[in-house]
> 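The following block contains the structure, expressed as structure tokens.
Proteins come first, then strands; the chains are lettered A, B, ... in the order of their sequence lines, and each starts at number 1.
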Amino acid sequence: MTRYTPLDYIGRNKPVWCAGCGDYGVLTALFNVFSQKKIDAKNVAIISGIGCSGRLPDFIKAYGFHGAHGRALPIAIGVKVANPSLNVFVVGGDGDGLSIGAGHFPHAARKNIDMTYILMDNSLFGMTKGQFSPTSPCKFESGSSPYGTLEEPMDPIALSLIYGSTFVARGYSGPSKLNDLINLIRQAMEHKGFSFIHVLSPCITYNKVVTFQSLNAQVVDIDEKHEITDRNEALALALREEKLYVGLFYKITKPTFGERLITISEKCGKRGLDIERLYVNFT
Amino acid sequence: MPTDYVIRIAGESGEGIVLSGEIVTLALSRSGFNIFTFSTYPAEVRGGPSMFQIRTGANRLRSQGDSVDILVALNDDACDENLKDLNEDGLLICDGTPEKQLNSPFDKKVINCPIPITEIASKEVGVYRCKNMVVIGALSNLLNIDYSIIESVIKEKTSRKGSHVLEKNLLAFKLGFDYAEIHKTKPIPYNLGPIGKSEKLVISGNEALALGALMSGCRFYAAYPITPATDLMEWLALELPGVGGVVIQAEDEISALGMVLGASFAGQKAFTATSGPGLSLMVELIGIASMAEIPSVIVDVQRGGPGTGMPTKTEQSDLNLALYGTHGDASRIVLAPTNVEDCFFQIINAFNLSEKYQLPVIILSDQSLGHRKESIRRPVMADIKQSKRLRPGDDEIKDYRRYGLTPAGVSPMAIPGENAGYYVAQGLEHDEYGSPCYDPENHLRMTAKRFRKLQNISGDINMFEKYGKQDASTGIIGWGSTEGAVRDAFERLDAEGYGVEVFYPKVLNPLPDKAIRNFLKNKKTILVPEINYTGQFAMLLRGKYLKQVTPLNICGGIPFTAKEIYSKVRELCNR
Ligand SMILES: Cc1ncc(C[n+]2csc(CCOP(=O)(O)OP(=O)(O)O)c2C)c(N)n1
Ligand code: SF4
Ligand SMILES: [Mg+2]
């Protein structure tokens, strides 16, 4: 690449999202982060799940992998381990990451694999036209819950903290917080380890409960005095029910999966391809 | 005199059966003999009957043998259970003194050589667990297996457990040897003394797959443990890091294949191995690999199914899953190695085909093939050819069509980090650029492209193996690990003047249609042996080639013997 304005990262496909969808905020934020950091798009791999949110790689100039519903994290782990010099992003929805793919989240986090996972949360299944999701509020009425949901919602920030993510943040794709979202994604990208950003990204078409309006009234910046290296404090903040905090909850440094893999090869020793040595096992 | 012998060591899981079998196996191999092992063991960690069988001889061996020449029983139950398989004039080594009366008296002329295995181990050695070493000592003496060769194998195999253990093992071995020497009453008609130095490897099907993967340049393996594929993972976990590779234990098989696809997308040769339940979980991503055209290799070491089934037993019942598993029309290649040496070559084929044609390649092995050891020729690195992925040139990058329509169906694949060939590996139907596209003509065009890739592979590998009389009216056609028993049966039938032709496709998808049609054409009777209940391959042959076939199915978790095939063919011929 020779130019690095946000417009230089526009992909070959026009977004298919509804006009006004929260996901545009995330896309815009990514354009800006790449521009600010003058990232060469050839070194970026964006892996996505299935959903409205999962369509994002089509709209951005970078390598992408639009795979199966809920399986973006394992695919991304393969990419990062195979080529550690790539900037790896995972994007997907609340259904993708917390319902069908929920089993992969803890294992990606506890590996502390060096990548950024952006969960675009609209509190429902947008793609399939408005069924409730794991983050829908209790009693949420939707296509598949006409009499209201029975389950309590999951808390992505609390889960991510407990799973072992070393960078945990919440952003909001509303215009008022777009700059903060850009900053969070940039910091997440710079962070060495598994960075998780929970982005409140409303579905304007199907969600009549969690909306830009409702979120504007709910979101509060995390206090500057918050100690980001204290996991208990971060957890307490996440679990406060009366407020929806946005900002950086938690950030610590730990060896990444890639760094840990190096310790394995050290223990094993660089033997090279010594076929005769391998054959000793069989003779 | 027969040209080979079958030794069976039987007992209970936990009595060290496998270790004793492995020691004797290696000692015989070092004495210049060929090996073919067969073992059964329960899925549970402790308890339950277990046995290790070694067929050995100067010539190449292809099946486990029809019956037992030398039976070693570590306890009375094992003796009762296995006696029926012992030859009329076989040798029996059971646990007891010469006065011992067997629970189940027999009228065979067997040579009975009781050895007080338990007593020697617990009283004289002082370690009950050394029973297996006593047995090895007795075998060494009675079969004339070289003492010092066995001794050094015992040292190699058990010195890791500490000098105390090794000392006890060697003592037990010596006491077993001496007891047999003093107490044998009759001359023993077996001589397995060294006949030369073996240049061969004794290796299992799973090990051959792992070794072949490593030698074909694979440096990424992800899997979730499952019997009977786990040992493949454990071998790679030990060896792959030494050559700069990575082994990841994933949280499940979906994740394992996901990681493989990610690694391959990023340019690495990658694979995973599993068994039926894992393959069931993988099928969605197999479709993604097919649609997004990601080179990938998946090994299925089949076991008894369905459900959790019989984890330690063999079966060939995943054929349909491998051929058709996943929704939609998903092109893939399915390979079926027929023996341990073939496992080595088929995984190299698998990597080459998947890299060249950018699609998933499934290898169908099974428990019996995965776990048995055979003597194979030493593979030479220089003989291994590696296919490269088609990459876009600089001119192609400018207007890069990842899924460009080409005559052969293969389009150049850019690799992240290397150049500006940005594209989205696309699980949705897409146009040449990888942009989602649902036009009716496009879906047809793209599906045809993905299947077109299958048309040319006959130029890359040997699609099948065929032997026997071309004009024979009786044919045997099967797939995978049953080939050895069929070959043994064929040789016997051939020697007796029965005209039989045998056909084994190595590639089950796409099948070598022309060759199969030719083979089927003038046959009156076509036997299709399979280790499954429903005759999945027989059904495929009938449907595809509109030819009546005679299925021969066994479904007991153990492989065919040559005798079963032989008898069936004779029965059909003499009808
Ligand atoms: C295995 C499988 N099951 C179901 C679907 C259908 N499906 C597609 S997207 C989706 C839910 C998407 O919700 P979410 O992840 O929250 O993404 P959003 O569309 O809200 O951004 C579902 C159920 C699918 N594609 N694959
Ligand atoms: S349906 Fe909702 S989530 Fe999907 S694009 Fe439209 S607004 Fe966005
Ligand atoms: Mg959603």
> Can you say whether Asn281(A) sits under 4.5 Å from chain B via the side chain, the backbone, both, or neither, judging by heavy atoms?
side chain
> For Ala76(A), which atoms come within 4.5 Å of any heavy atom of chain B: side chain, backbone, both, or neither?
neither
> May I ask you to name which of Phe220(B), Phe265(B), Trp235(B) has the most heavy-atom pairs under 4.5 Å with chain A?
Phe265(B)
> Between chain A and each of Gly421(B), Pro241(B), Pro416(B), count heavy-atom pairs under 4.5 Å; write down the option with the most.
Pro416(B)
> Please state whether the side chain, the backbone, both or neither of Ser85(A) comes within less than 4.5 Å of a heavy atom of chain B.
neither
> Which bit of Ala414(B) is near chain A, if near means a heavy-atom gap under 4.5 Å: side chain, backbone, both or neither?
both
> Do the ring planes of Tyr422(B) and Tyr63(A) sit parallel (below 30°), tilted (30 to 60°) or perpendicular (above 60°)?
perpendicular
> Just do the ring-ring contact (aromatic ring centres under 6.0 Å, His included) check on Phe271(B) and Phe351(B) with the steps written out, would you?
CA-CA 9 Å; Phe271(B) 90 117; Phe351(B) 280 110; 5.7 Å; yes
> Using every non-hydrogen atom in the two residues, find where His191(A) and Asp114(A) come nearest and quote the distance to one decimal.
O-OD1, 3.2 Å
> Walk me through whether Tyr163(A) and Phe194(A) qualify under ring-ring contact (aromatic ring centres under 6.0 Å, His included).
CA-CA 11 Å; Tyr163(A) 291 160; Phe194(A) 188 78; 9.4 Å; no
> At a 4.5 Å cut-off on heavy atoms, which part of Leu211(B) comes close to chain A: side chain, backbone, both, or neither?
side chain
> Under a 4.5 Å heavy-atom cutoff, which of Gly269(A), Pro106(A), Ser265(A), Ala41(A) has the most pairs with chain B?
Ala41(A)
> Of the listed residues (Arg71(A), His104(A), Met1(A)), which shares the most heavy-atom pairs with chain B below a 4.5 Å separation?
His104(A)
> For Arg389(B), check salt bridge (Lys or Arg N to Asp or Glu O under 4.0 Å) against everything at least two apart and list the hits.
Glu355(B)
> Who wins among Ile77(A), Asn83(A), Val16(A) for the most heavy-atom pairs under 4.5 Å with chain B?
Ile77(A)
> Show your working on side chain to side chain contact (heavy atoms under 4.5 Å, CB included) between Ser435(B) and His430(B) and close with a plain yes or no.
CA-CA 5 Å; Ser435(B) 300; His430(B) 43 265; 5.8 Å; no
> Can you say whether Lys111(A) sits under 4.5 Å from chain B via the side chain, the backbone, both, or neither, judging by heavy atoms?
side chain
> Against chain A, work out which of Ile254(B), Thr25(B), Leu214(B), Val260(B) has the most heavy-atom pairs shorter than 4.5 Å and name it.
Ile254(B)
> Go through Leu278(A), Asp274(A), Val88(A) and name the one with the most non-hydrogen pairs under 4.5 angstrom from chain B.
Leu278(A)
> Among the options Ala82(A), Cys268(A), Gly64(A), pick out the one with the most heavy-atom pairs lying under 4.5 Å from chain B.
Gly64(A)
> Between Glu276(A) and Arg378(B), is there a salt bridge with N-O shorter than 4.0 Å?
yes
> Salt bridge between Glu239(B) and Arg277(A), side-chain N to carboxylate O under 4.0 Å?
yes
> Could you tell me which of Gly267(B), Gly434(B), Ala263(B) has the largest number of non-hydrogen atom pairs under 4.5 Å with chain A?
Ala263(B)
> Need one label for Asp40(A): side chain, backbone, both or neither, based on atoms under 4.5 Å from any heavy atom in chain B.
side chain
> Check for me whether Arg12(A) meets the cation-pi criterion with Tyr433(B), that is, NZ or CZ under 6.0 Å from the six-membered ring centre and within 45 degrees of the ring axis.
yes
> Please classify the contact between Ile275(A) and chain B as side chain, backbone, both or neither, with a heavy-atom cut-off of under 4.5 Å.
side chain
> Using non-hydrogen atoms only, which part of Lys373(B) is less than 4.5 Å away from chain A: side chain, backbone, both, or neither?
neither
> Contact part of Leu238(B) toward chain A, heavy-atom cut-off under 4.5 Å: side chain, backbone, both or neither?
backbone
> Can you say whether Glu199(B) sits under 4.5 Å from chain A via the side chain, the backbone, both, or neither, judging by heavy atoms?
neither
> Which heavy atom of Gly278(B) sits nearest to which heavy atom of Glu253(B), and what is that distance?
CA-CG, 3.4 Å
> I'd like to know which of Met215(B), Glu156(B), Met291(B) tops the heavy-atom pair count under 4.5 Å against chain A.
Met215(B)
> Checking Leu261(B) against chain A: side chain, backbone, both or neither under 4.5 Å from a heavy atom?
both
> Could you walk me through whether Gln426(B) and Arg402(B) pass the side chain to side chain contact (heavy atoms under 4.5 Å, CB included) check?
CA-CA 10 Å; Gln426(B) 192 54 268; Arg402(B) 163 64 184 103; over 6 Å; no
> How are the rings of Tyr423(B) and Tyr400(B) set to each other: parallel, tilted or perpendicular (split at 30° and 60°)?
perpendicular
> Give the minimum heavy-atom separation between Val202(B) and Ser375(B), together with the two atoms involved.
CG1-OG, 4.2 Å
> Any idea which heavy atoms bring Arg391(B) and Pro412(B) closest together, and the distance?
C-CB, 3.6 Å
> Which one, Ile376(B), Val246(B), Ile203(B), Leu285(B), leads in non-hydrogen pairs under 4.5 Å with chain A?
Ile203(B)
> Which donor-acceptor pairs under 3.5 Å do the side chains of residues 43-56 of chain A make with protein atoms, sequence neighbours left out?
residue, atom, partner, partner atom, Å
Ser48(A), OG, Gly54(A), O, 2.7
Ser53(A), OG, Gly93(A), N, 3.0
Arg55(A), NE, Asp58(A), OD2, 3.4

> Just give me the residue among Asn13(A), Leu73(A), Val79(A) that pairs up with chain B most often, heavy atom to heavy atom, under 4.5 Å.
Val79(A)
> Heavy-atom cut-off 4.5 Å, strictly under: side chain, backbone, both or neither for Ile248(B) against chain A?
side chain
